[in-house]
Protein chains: 2
Amino acid sequence: MPQRDPLREQIIAQYDAMSPQLQQAARYVLEHPDEVALVSMRELARHAAVQPATMTRLAKFLGMQGYDDIREHYVAALRRGSDGFAAKVRQRGDVAPETVNENIAAHMLQGLSAQMTKLCEPDSLQRLKAIAHTLESAGKVYVLGLRSCHSVAWHFHYVMSLLGDRSVHLDGPAGTGGDGLIRATLEDVLFVVSVKPYAVATLELTQLAKDKGLTIVSITDSEVSPLVGMSDQTIFCPTESYSFFHTLTPALAISEVLCTLLAEDDRPKALDALQQADEHFLSLNTYSATIPRRE
Amino acid sequence: MPQRDPLREQIIAQYDAMSPQLQQAARYVLEHPDEVALVSMRELARHAAVQPATMTRLAKFLGMQGYDDIREHYVAALRRGSDGFAAKVRQRGDVAPETVNENIAAHMLQGLSAQMTKLCEPDSLQRLKAIAHTLESAGKVYVLGLRSCHSVAWHFHYVMSLLGDRSVHLDGPAGTGGDGLIRATLEDVLFVVSVKPYAVATLELTQLAKDKGLTIVSITDSEVSPLVGMSDQTIFCPTESYSFFHTLTPALAISEVLCTLLAEDDRPKALDALQQADEHFLSLNTYSATIPRRE
DNA sequence: CGATAAATGCAACAAATGAATCATTTATGT
DNA sequence: ACATAAATGATTCATTTGTTGCATTTATCG
């Protein structure tokens, strides 16, 4: 990974100008960047066979205010290596509010970008695949997502309804949301979306579906979410954001991926269903015919 | 194969037996394992919104001698992780025998990640800021998004409704969606979301609002979207995806950013409103407060 | 060699950390 | 409803941390 490391380059550049002790310290830092982030200065000094003060002096020599600047740099580097996002969220309290406000939009978006990348990890991909398979072989798919999760649930249902008639959205006026389950059978699947704080109604309906013998598939935000225990399969979506709101963007992304996997599984059938939908909308004049010219 | 993590599994296993505060601490640890290794206990506690002592108590609860045992574990894990990084990169090389489905999912997610990053460009950020300002100084904010864009519109409205009572969702059964505009005034703003193919109803309602003198702010997918000509301000969301569906994830992200900017603009007021909402939900038992325990 | 300055080691310091204690609040059971 | 226990918050304490000032050593140059 050709990751630029300005501090490392600076140390190398100034290495020849250092005193022997400083060189020894610098050399240890170069060769054990992780240690800098993970242990205290005194311990690092011990491992480098150098006086604690030398580390401080190294920092000053490099034009920094103190040793903490060095560590902070390597902590940031380590974070980037393993997880690029969590770091930034936490800095919020420490940074001047004005600065954050200016950049808050960019920070949020970059965080989301990192979260999308994180969802590419093998574990997530495997779960996606498995859940897609479950949904494929299901009878009806009941879709449940209340309050903030409504957006995800509805979008999933909407796309599914374009692909066929297997999807039932458990939502409705006058508290009739759960009625869809009345005729649910063992072959059916409940697709439920919920993140903290978990709506009581969601948990209750899910429990009901489970009692009726449905397979439960869920999108939720944590291993310790109450949904995990009720679900046959779960996929986790990060929800952290710079704002004091949770983000549902990753959850929506997951939902879209699932829809795509389902459609791809039987591509001809999906195309056919979409064609049908197109004709339907055309005859209803649902969509604007004056579509922006392309090409 | 994902790394085995005994401590993580232990925390998950004992999670249900923990007190609420312990759960909160444990949850933060689960979700931010790197932080445990990289910051002090007090800082971790601060980020987890928990008392420092709670972290010590968590350690004791897990049968350890002190918090340092927890950290030591995560330090070791991080060390292994960064060492094993080269291995991960190597894995990427022989990705050949993967199934098609996994590739689609990964491609989609990586594409989304890139799109989020693209939204950080100065032009987008400036538009976001400007739109946020318009929404701030608006009277009512009417929110319109039909069909696939319903998810974005509804989510925006939902968050806005937590923050105050200025948001009106132009949606409703029996074709009453547009009725909300009946008493709209010149100070009000229409916030409309639409991507290709553009729903006729959306365009018609938007035109009506424009005729009534409302300010029109839109999220749409192209410079040549029909919404651009009707709108005072527009922000563009990419919708391209590797699947044959459009993606609404970037649009949702934009919506969330806008909500955050609005809330941040008057942070105390936002916090106050959220507090009110919390109390409301508490008295209604909307959310599962203490997660159901099983022994 | 001897005088000067740089480099190094040592010790003491304030600030922070993690842990322990106690008072108060909240939940539980009869 | 009350009594009891559990959970939580606040306070305090002994350590450890990073830093600094000073004494000592080492290198440099006339």
Side-chain angles (χ1 to χ4, degrees), chain A residues 7 11 14-29 32 35-76 90-91 93-94 224, chain B residues 7 11 14-29 32 35-75 278-279 282-283 285 287-295:
Chain A
L7 179 53
I11 293 176
Q14 298 190 243
Y15 186 85
D16 290 331
M18 295 178 192
S19 74
Q21 287 294 302
L22 282 186
Q23 285 190 344
Q24 189 170 334
R27 183 174 182 123
Y28 189 86
V29 168
H32 306 270
E35 294 303 300
V36 180
L38 293 171
V39 308
S40 76
M41 185 201 77
R42 287 175 117 98
E43 206 174 331
L44 191 78
R46 242 164 80 244
H47 293 139
V50 151
Q51 288 262 338
T54 305
M55 288 296 172
T56 297
R57 287 165 182 153
L58 176 63
K60 304 260 185 193
F61 180 87
L62 293 170
M64 321 183 130
Q65 199 170 8
Y67 172 81
D68 273 325
D69 292 346
I70 292 185
R71 169 156 60 204
E72 199 168 326
H73 177 271
Y74 282 102
V75 164
R90 134 199 126 48
Q91 284 181 353
D94 313 337
V224 291
Chain B
L7 178 53
I11 294 177
Q14 298 190 241
Y15 185 84
D16 288 331
M18 295 178 192
S19 74
Q21 287 294 301
L22 281 185
Q23 286 190 342
Q24 191 170 332
R27 187 174 174 126
Y28 191 86
V29 168
H32 306 84
E35 294 302 298
V36 180
L38 293 170
V39 308
S40 73
M41 183 200 77
R42 287 174 115 97
E43 210 175 329
L44 192 77
R46 213 171 316 131
H47 297 140
V50 150
Q51 290 255 337
T54 306
M55 288 295 173
T56 299
R57 287 166 181 154
L58 176 63
K60 304 265 185 191
F61 181 88
L62 294 169
M64 323 186 126
Q65 198 172 9
Y67 172 81
D68 274 325
D69 292 346
I70 292 185
R71 169 159 54 208
E72 199 174 327
H73 176 273
Y74 282 104
V75 164
D278 272 349
E279 285 164 12
L282 196 63
S283 66
N285 243 332
Y287 290 119
S288 160
T290 312
I291 292 162
R293 274 196 212 190
R294 37 192 188 266
E295 64 282 354

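No hydrogens, no waters, no symmetry mates; every other heavy atom, side chains included, goes into these values. We name chains A, B, ... by the order of the sequence lines, and we start the count at 1 in each one.
Backbone-only engagement by P20(A) is indicated by non-hydrogen atom pairs under 4.0 Å involving sugar-phosphate atoms exclusively. At a threshold of 4.0 angstrom between heavy atoms, the contacts of Q51(B) include nucleobase atoms, whether or not backbone atoms are also involved.
In terms of the side chain to side chain donor-acceptor pair (under 3.5 Å) criterion, residue partners of E35(A) (sequence neighbours excluded) are, by chain and number, R79(B). For D68(B), the salt bridge (charged side-chain N to carboxylate O under 4.0 Å, His left out) test picks out R71(B), with sequence neighbours left out.
In this structure, the nucleotide among dA12(C), dA19(C), dA20(C) sitting nearest to the side chain of Y67(B) is dA19(C). For T56(A), counting side-chain heavy atoms from C-beta on, the closest listed nucleotide (dT17(C), dG18(C), dG18(D)) is dG18(D). For Q21(B), whose side chain is taken as the heavy atoms from C-beta onward, the closest listed nucleotide among dG18(D), dG9(D), dA19(C) is dG9(D).
Residues K60(A) and E43(A) both approach DNA chain D. Their nearest nucleotides, taken by heavy-atom distance, put E43(A) toward the 5′ side.
The side-chain heavy atoms of K60(A) and R57(A), taken from C-beta on, include no pair separated by under 4.5 Å. Proximity of T56(B) to M41(B): side-chain heavy atoms (C-beta onward) are separated by under 4.5 Å at one or more points. In this structure, I11(B) and M18(B) have side chains that are in contact, with non-hydrogen atoms separated by less than 4.5 Å.
Rounding to whole angstrom units, CE of residue M41(B) and P of dA14(D) are separated by 18 Å. Atom-to-atom, CG of L22(B) to C1' of dA6(D) comes out at 11 Å; the value is rounded to the nearest Å. Distance CG (L44(B)) to P (dA19(C)): 12 Å, rounded to an integer number of Å. Note: CZ (R42(B)) to P (dT15(D)) measures 16 Å, nearest angstrom. In this structure, R46(B) atom CZ and dG18(C) atom P are separated by 10 Å, rounded to whole Å. If you take CE of M64(A) and P of dT19(D), they are 12 Å apart, rounded to a whole angstrom. Following rounding to the nearest Å, Q65(B) (CD) and dG18(C) (C1') show an atom-to-atom distance of 13 Å. Taking atom CG on D68(A) and atom P on dG18(D), their separation rounds to 7 Å, with Å as the unit.
Listed here is the closest heavy atom pair of F61(A) and A17(A): CZ-O, 3.8 Å. The two residues T54(B) and A25(B) come nearest to each other via the heavy atoms CG2-CB, 4.0 Å.
At dT17(D), none of the side-chain N or O atoms of R71(A) fall inside 4.0 Å of OP1 or OP2 (strictly under the cut-off).
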Polar atoms only, N or O, under 3.5 Å: list the protein pairs with nucleotides 21-23 of chain C and their distances.
{"unit_1": "dT21(C)", "atom_1": "O4", "unit_2": "R57(B)", "atom_2": "NH2", "d": "3.4"}

